[in-house]
2 protein chains.
Amino acid sequence: MTDRPLNATAASLLGFLHAGPMTGWDLVATAEVVIGDFWSLTRSQVYRELTAMEAAGLVQAGEVGPRERRPYRLTDAGREAFRRWLEREPGPEQIRYPLLLTIAFGRHLDPERLAAFVAAHRSVHAARLADYETLQGDGSDHLDPYARATLDFGVRYERAVLEWFEHLPGLLPLPPAAGDDRPEADT
Amino acid sequence: MTDRPLNATAASLLGFLHAGPMTGWDLVATAEVVIGDFWSLTRSQVYRELTAMEAAGLVQAGEVGPRERRPYRLTDAGREAFRRWLEREPGPEQIRYPLLLTIAFGRHLDPERLAAFVAAHRSVHAARLADYETLQGDGSDHLDPYARATLDFGVRYERAVLEWFEHLPGLLPLPPAAGDDRPEADT
DNA sequence: CCTTGACAGTCCACTGTGGCATGCTACCGT
DNA sequence: ACGGTAGCATGCCACAGTGGACTGTCAAGG
């Protein structure tokens with residue numbers, strides 16, 4: 001009823017439903033894979049949006065299947081709403097990086113501890129970059145150009161972050177030079 | 001009472017209060033300048049957190065001044081809580097970039113429109129980079145090393161994004177080659 | 001037959017956002 | 001001197017988004 005514009009999360013769900021009816025669970029899984037690297041969503045929200053969108057007539061729930069699976073399919077109104085959303089100016093990007101907060105307040109923190117945090121995060125980013133680059137190498141062909149473009153963003157982002165990590169020791173009051181040049185991963 | 005761990009926003013406020021008593025308004029302004037590029041907060045939330053933290057004994061409200069100004073000052077408990085927060089492993093970073101969503105669903109969108117969105121965002125990032133680099137050039141000296149480190153992150157991030165924008169035309173089904181090769185900045 | 005584990009959805013408390021409303025007061029022009 | 005207005009300062013609300021706990025379902029295997 002209320003024709004307030006969609007939010008980006010709901011719109012994405014409609015986008016995925018173009019490929020055919022899916023359940024909330026499927027949508028979460030799909031979203032994680034396809035847009036998870038630059039758009040976060042949670043189960044709770046997905047189910048909530050689906051309920052709301054059904055009430056608004058943008059999707060239609062089908063018969064409940066085996067495991068309480070409730071598939072939703074796109075309606076014409078939903079297709080319409082998706083198009084309208086897609087044509088609106090996308091909002092500004094948001095970064096929230098807790099590590100940068102910790103660094104910003106680094107004056108109050110033991111340098112060794114800070115160094116440990118930094119090392120941990122660096123290895124996370126290194127792993128992600130490796131992932132992305134594998135994807136780019138392997139099967140970049142079977143991706144559509146749009147997916148390749150967002151993947152490229154990821155690669156460049158991770159590379160930049162890693163370079164920053166490399167330069168950090170020159171910028172920050174260092175750990176008192178312990179067994180530091182061993183980038184070991186202890187888990 | 002409830003000694004649940006602080007959230008990052010509340011903790012940041014405590015961090016800023018180390019410099020002396022401040023009002024909610026001041027805290028918002030400070031936060032915007034100091035951590036605004038990688039941590040967002042809103043007035044509403046700041047006031048809510050302050051109220052909650054006062055109830056928890058982490059800050060103490062002073063006399064109400066001229067314009068209903070209500071300065072808060074750090075208590076010992078607050079200082080303690082801040083330290084404990086700062087020593088906890090900072091969480092993973094979050095990026096939410098609506099433009100990437102639009103691109104990911106670009107198949108459903110008119111290429112010209114997509115190109116327009118891209119151009120608009122590119123100029124935003126260009127402007128931010130210019131800002132950061134001015135800051136780095138000018139007065140990088142009067143910044144503490146920690147601020148310089150976070151600024152460096154910003155610079156590298158924006159540079160990476162801009163490079164990505166440069167490469168996009170090679171990845172995406174292009175706009176039908178309108179007056180495109182003029183990277184004009186209209187403002 | 002019963003446990004285990006992946007699947008599927010729900011609920012709740014909290015965090016975070018943006019806009020509206022409301023007063024206050026310093027300053028400005030007349 | 002005085003009325004307007006711009007910016008200061010806080011509060012409130014509805015909604016978006018998060019993460020964890022919880023319930024239930026089915027399939028496979030010991």
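Below, chain A is the first sequence line, B the second, and so on; all start at residue 1. Hydrogens, waters and symmetry mates are skipped; everything else that's a heavy atom, side chains included, is used.
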Between [X] ([atom1]) and [N] ([atom2]), how many Å, whole number?
X: Trp85(B); N: dT15(C); atom1: CH2; atom2: P; result: 14 Å
X: Arg96(A); N: dA16(D); atom1: CZ; atom2: C1'; result: 13 Å
X: Arg43(B); N: dG7(D); atom1: CZ; atom2: P; result: 14 Å
X: Arg69(B); N: dT25(C); atom1: CZ; atom2: P; result: 12 Å
X: Arg70(A); N: dC7(C); atom1: CZ; atom2: P; result: 19 Å
X: Leu6(A); N: dC15(D); atom1: CG; atom2: P; result: 15 Å
X: Ile35(B); N: dG16(C); atom1: CD1; atom2: C1'; result: 14 Å
X: Ile95(A); N: dT17(C); atom1: CD1; atom2: P; result: 14 Å

Going by number, which of residues 10-28 of chain A have a non-hydrogen atom under 4.0 Å from DNA chain D?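 Here the set is empty: none.
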Give a yes or no on whether the backbone of Phe165(B) and the side-chain of Arg122(B) come within a donor-acceptor separation of less than 3.5 Å.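 Not a single qualifying donor-acceptor pair exists.
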Mind running a 4.0 Å heavy-atom check of residues 44-53 of chain B against DNA chain C and sending the residues that fall below it, in number order?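 Within this stretch, Ser44(B), Gln45(B), Arg48(B) sit under 4.0 Å of the strand.
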Looking at residues at least two apart in the chain, or sitting in another chain, which of them share a side chain to side chain contact (heavy atoms under 4.5 Å, CB included) with [X]?
X: Arg48(B); value: none
X: Asp131(A); value: none
X: Thr75(A); value: Gln60(A), Ala77(A)

Crowding at CD, Glu89(B) (>12 non-hydrogen neighbours, <6.0 Å):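 Result for CD/Glu89(B): enclosed.
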Under 4.0 Å from OP1 or OP2 of dG16(C): is there any side-chain N or O of Ser40(B) that close?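 So the side chain of Ser40(B) is outside the cut-off, no N or O lying under 4.0 Å from OP1 or OP2 of dG16(C).
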Using OP1 and OP2 only, check whether a side-chain N or O of Asn7(B) sits under 4.0 Å from dG16(C).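 For dG16(C), OP1 or OP2 has a side-chain N or O of Asn7(B) closer than 4.0 Å.
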I need the Ile35(A) CD1 to Thr9(A) OG1 distance, nearest 0.5 Å.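 Between Ile35(A) CD1 and Thr9(A) OG1, I get 7.5 Å after rounding to 0.5 Å.
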Measure centre to centre between the rings of Phe153(B) and Phe38(B), then say whether the value is under 6.0 Å.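 Centroid separation for Phe153(B) and Phe38(B): 6.0 Å or greater.
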Using only heavy-atom distances, determine whether the side chains of Tyr132(B) and Asp37(B) contain a donor-acceptor pair under 3.5 Å.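 Per modelled atom types, Tyr132(B) and Asp37(B) side chains form a pair under 3.5 Å.
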If a pair satisfies ring pair (Phe, Tyr, Trp, His ring centres under 6.0 Å) and one of its residues is in residues 72-93 of chain B, list it, with sequence neighbours excluded.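 Sorted pair list: Phe105(A)-Phe82(B), His108(A)-Phe82(B), His18(B)-Phe82(B).
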